[in-house]
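Below you'll find the structure, written out as structure tokens, and then a few comments.
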Amino acid sequence: MEMEAARKTVENGKFRDGRLSVVADKRTASVIADSRRQVMEWYRPMFALRRSDVLGDAAIEGEGVPAWDWPTVFECLTVALQPVVSLRGGRVIGYEAFVRVADGGRPDLAALSPRFLLDTAARTPEIRLGEGELSPLVSLECRIWSLAVDSFRQVPSPGDMRLFLNLDNRLLGQWRVLSDHLIRDLSRVGLDPAVVSIEINEHLPLAVWAEETALGVTVEDGLEAIVQALTSLGRTVGKVALDNFGAGNASLPLLHALQPDYVKFDRYFVDGVHEDQTKKLFLASLVNICHLMGIQTVAKGLETAEDYYACRDAGVDMIQGNLLARPETDPTKVRVDFPEARALNAQDQRSGQGDERLVAAQILDIAPLERLASMTDVFNRFRRDKERTFFPVVDESGEPIGLVRESDLKDYTYSPYGKDLINNKHLGRNLAAFVSRCPTVDISTRAEKILEVFSNNAQSEGLIITEDGKYRGFLTTPSLLKIINEKNLVVARDQNPLSKLPGNAVINEYLADTLAQPDDWLALAYIDFDFFKPFNDKYGFRQGDRAILLFAELMRAHLANEGHFIGHVGGDDFFAGMRGLSPGIAEARIRALVRRFEQDVASFYDEETRSRGYIVAKDREGVERRMPLLSASSAIVLVPPGHDPLDVDAISSLIAQLKKDAKRAESKIASATIPTRRETAPGGVFP
């Protein structure tokens with residue numbers, strides 16, 4: 001009964017300045033807190049449900065908090081800027097600002113982390129510090145933002161780049177104060193608020209803010225309040241980003257409810273992703289979800305070229321990390337372009353295998369509307385281009401926002417005074433109010449990935465295509481079908497007409513692609529028949545084709561159903577690629593395949609030939625001799641993780657050597673292992 005009464009008390013509570021009315025009865029307040037915990041108990045994405053879980057009961061009361069002179073602390077602070085770079089083109093999208101303690105500052109602060117500074121400010125009792133009588137945490141955040149704005153203003157040729165500012169979760173309830181302060185700062189240095197992107201960092205439970213402003217309200221209500229605050233803040237500035245996504249609190253619920261403009265993946269999913277298949281799966285799936293919602297993605301903490309390629313293969317749009325640049329405290333030294341990213345793409349053997357040419361040929365060049373366009377311009381655009389039922393919308397930097405559909409404007413266009421109302425600056429709505437999200441992919445994305453994104457959103461008219469993060473064009477359903485059809489025709493032309501397996505061109509593409517991923521064991525097997533010519537001479541080409549088809553079906557049964565690659569080089573020569581298997585298991589798979597072929601192909605001989613185990617036929621020199629029954633042998637190249645750089649020609653040369661050994665071996669198998677960088681001494685000499 002007490003619990004139910006407490007719930008009703010909460011439900012009937014009134015908000016004042018973003019907070020619920022204070023509950024005077026301590027016993028009732030305790031019951032309300034218990035009720036809140038029961039309501040939120042199922043919500044496991046949060047790591048803490050109470051403020052004391054994060055700060056401690058004593059800290060809330062101000063016990064054990066350093067007695068700092070905060071104005072003096074503020075004077076010791078500076079910011080560092082780290083670029084966010086387009087993964088494929090190397091263009092700087094913007095800079096994230098990180099707070100630092102300035103060199104020569106107080107020794108007791110110099111070794112402290114930025115998070116500790118923020119946590120200490122949050123735990124400091126509500127003293128007043130001027131600047132509109134703001135609390136220590138609000139004052140600290142405002143100070144950091146002011147320093148970031150001043151630093152960003154000094155970046156050489158900032159152009160259309162944006163400034164990423166981190167927002168402490170505990171200040172969501174103070175977003176109006178922070179917003180007003182930021183607008184004043186931007187106006188002071190002559191910057192448009194649209195250049196700013198606010199990042200919500202998930203290292204703190206979002207329930208902390210929900211508890212302080214909506215005690216006892218359900219998680220859904222708390223999440224709604226959070227989204228409303230962030231959406232309002234996003235309208236004030238340029239865009240909203242989720243930072244450290246995937247390793248914090250409320251990730252997926254907040255992503256679904258907020259639908260931010262950017263998602264920055266936590267470095268947990270980026271560091272070492274090239275050698276962790278599970279991380280690859282997670283990262284690719286998260287990227288697909290974001291692209292489906294029209295969200296651009298950023299990989300944080302990138303430090304190696306191998307992880308760079310893995311992120312690119314997953315479809316990530318932008319990168320941020322020490323691989324390209326560390327945070328820089330001198331804004332005059334930050335760079336606005338990174339040709340290193342273009343060089344990485346050029347060096348990668350897989351860079352020429354995409355479908356960019358096919359996609360570019362089918363893109364519709366629909367001129368987009370700008371976000372700040374007047375509604376009169378929007379209506380005039382639809383009037384001029386009567387065949388268009390929608391138009392893409394971009395922001396001031398040319399990055400896509402979504403679509404404006406003619407159907408969404410009908411409530412105004414069909415009403416007697418609708419257009420007058422919508423054009424009224426005080427009563428009407430601007431273009432941003434009518435924009436809907438649209439799936440977005442980069443032009444270099446493979447056709448199969450584009451189709452996957454599109455197929456998950458049947459209501460969409462198509463996809464927005466970007467290049468270097470900027471709007472490039474629009475891909476409609478018919479255009480996408482043309483791309484898939486043309487690619488299928490290319491594949492079909494390369495298929496072996498007899499076995500229907502991929503031919504040489506696709507095999508070479510597979511080799512170039514998989515050799516550039518030194519993150520797992522790779523087994524490359526070249527298999528050809530033994531004594532195929534005497535079999536063909538005695539039983540005819542029709543029976544020879546049957547033997548080839550038999551082996552192709554056995555390969556499908558033994559290898560293709562497990563996700564391995566199989567191909568038909570031509571004639572009686574076949575190829576198989578197996579990733580993720582240990583050398584022993586890979587060799588066992590090929591040995592079992594060869595053995596099964598020898599057993600099954602025996603039925604192609606007459607009973608007498610089978611019983612004696614050979615046929616009499618002429619060899620290549622025309623001499624008649626006894627020839628063993630048809631069999632197969634295999635040369636296997638085993639490529640370990642961390643192998644030296646390899647190309648297709650090097651693999652082909654090694655296979656040619658192993659083929660001779662395989663035909664002489666009793667097991668019909670010959671293998672060799674490529675040395676790793678650790679095993680290769682300087683000059684290529686093996687120790």
Side-chain angles (χ1 to χ4, degrees), residues 86 88-89 91-94 159-162 192-197 234-235 237-241 259-262 290-297 317-318 356 359-410 412-413 422-423 428-445 450 453-454 457 459-480 483:
S86 167
R88 291 168 178 81
R91 181 178 69 90
V92 174
I93 306 298
D160 56 5
M161 294 175 290
R162 61 182 62 253
D192 191 323
V195 306
V196 174
S197 178
R235 293 195 189 103
V237 292
K239 296 189 176 184
V240 175
Q259 297 193 24
D261 301 286
Y262 301 101
C290 290
H291 285 172
L292 179 62
M293 300 169 67
I295 300 170
Q296 299 206 62
T297 58
D317 302 299
M318 309 166 200
E356 186 170 340
V359 175
Q362 296 298 332
I363 291 178
L364 291 181
D365 187 17
I366 304 176
L369 290 163
E370 293 190 1
R371 178 174 60 176
L372 299 180
S374 69
M375 292 308 299
T376 299
D377 292 338
V378 175
F379 285 122
N380 289 337
R381 183 70 182 280
F382 277 108
R383 187 184 302 111
R384 289 195 307 269
D385 300 337
K386 291 182 169 53
E387 75 280 3
R388 297 282 178 223
T389 59
F390 64 90
F391 288 102
V393 181
V394 300
D395 64 10
E396 295 77 3
S397 64
E399 295 180 9
I401 300 174
L403 302 178
V404 56
R405 297 181 175 89
E406 186 179 28
S407 58
D408 295 332
L409 300 174
K410 286 183 178 178
Y412 286 87
T413 57
I422 204 171
N423 286 319
R429 303 168 69 187
N430 56 23
L431 175 57
F434 295 97
V435 174
S436 302
R437 288 297 181 91
C438 177
T440 305
V441 295
D442 188 86
I443 191 172
S444 61
T445 307
I450 295 177
V453 172
F454 177 75
N457 191 346
Q459 287 75 34
S460 176
E461 292 85 352
L463 301 99
I464 290 176
I465 303 298
T466 61
E467 184 174 14
D468 257 3
K470 293 192 174 185
Y471 174 80
R472 170 70 183 272
F474 196 82
L475 196 62
T476 63
T477 304
S479 299
L480 179 58
I483 293 172

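Side chains included, hydrogens not; waters and symmetry mates left out as well; all remaining heavy atoms used.
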Once rounded to the nearest 0.5 Å, what's the spacing between atom CD of Glu387 and atom CZ of Phe382? 11.0 Å

dist Thr466:OG1 -> Glu399:CD (nearest 0.5 Å) comes out at 9.0 Å

State whether the number of non-hydrogen atoms from other residues, nucleotides or ligands found under 6.0 Å of Glu370 atom CD is greater than 12. no

Let me see the working for Val404 and Phe390 under side-chain contact (heavy atoms from CB on, under 4.5 Å), right down to the final yes or no. CA-CA 6 Å; Val404 56; Phe390 64 90; over 6 Å; no

Pair Arg381 + Asp385, salt bridge at N-O below 4.0 Å: yes

Donor-acceptor contact below 3.5 Å, side chain [X] vs main chain [Y]:
X: Asp261; Y: Ala241; value: no
X: Lys470; Y: Glu467; value: no
X: Thr297; Y: Asp317; value: yes
X: Asp395; Y: Ser397; value: yes

Any side-chain donor near an acceptor of the partner, Arg162 and Ser197, under 3.5 Å: no

Using side-chain heavy atoms (C-beta onward) and a distance below 4.5 Å, is His291 in contact with Pro439? no

Quick check: do Ile450 and Ile483 have side-chain heavy atoms less than 4.5 Å from each other? no

What one should report as the nearest heavy-atom pair of Val240 and Gly234 is CG2-CA, 3.5 Å

Do you know which two heavy atoms are closest between Gly294 and Arg437, and how far apart they sit? O-NH1, 3.8 Å

After noting the C-alpha distance and the side-chain angles of Ser86 and Ile93, does the key distance pass the side-chain contact (heavy atoms from CB on, under 4.5 Å) rule? CA-CA 7 Å; Ser86 167; Ile93 306 298; 4.3 Å; yes

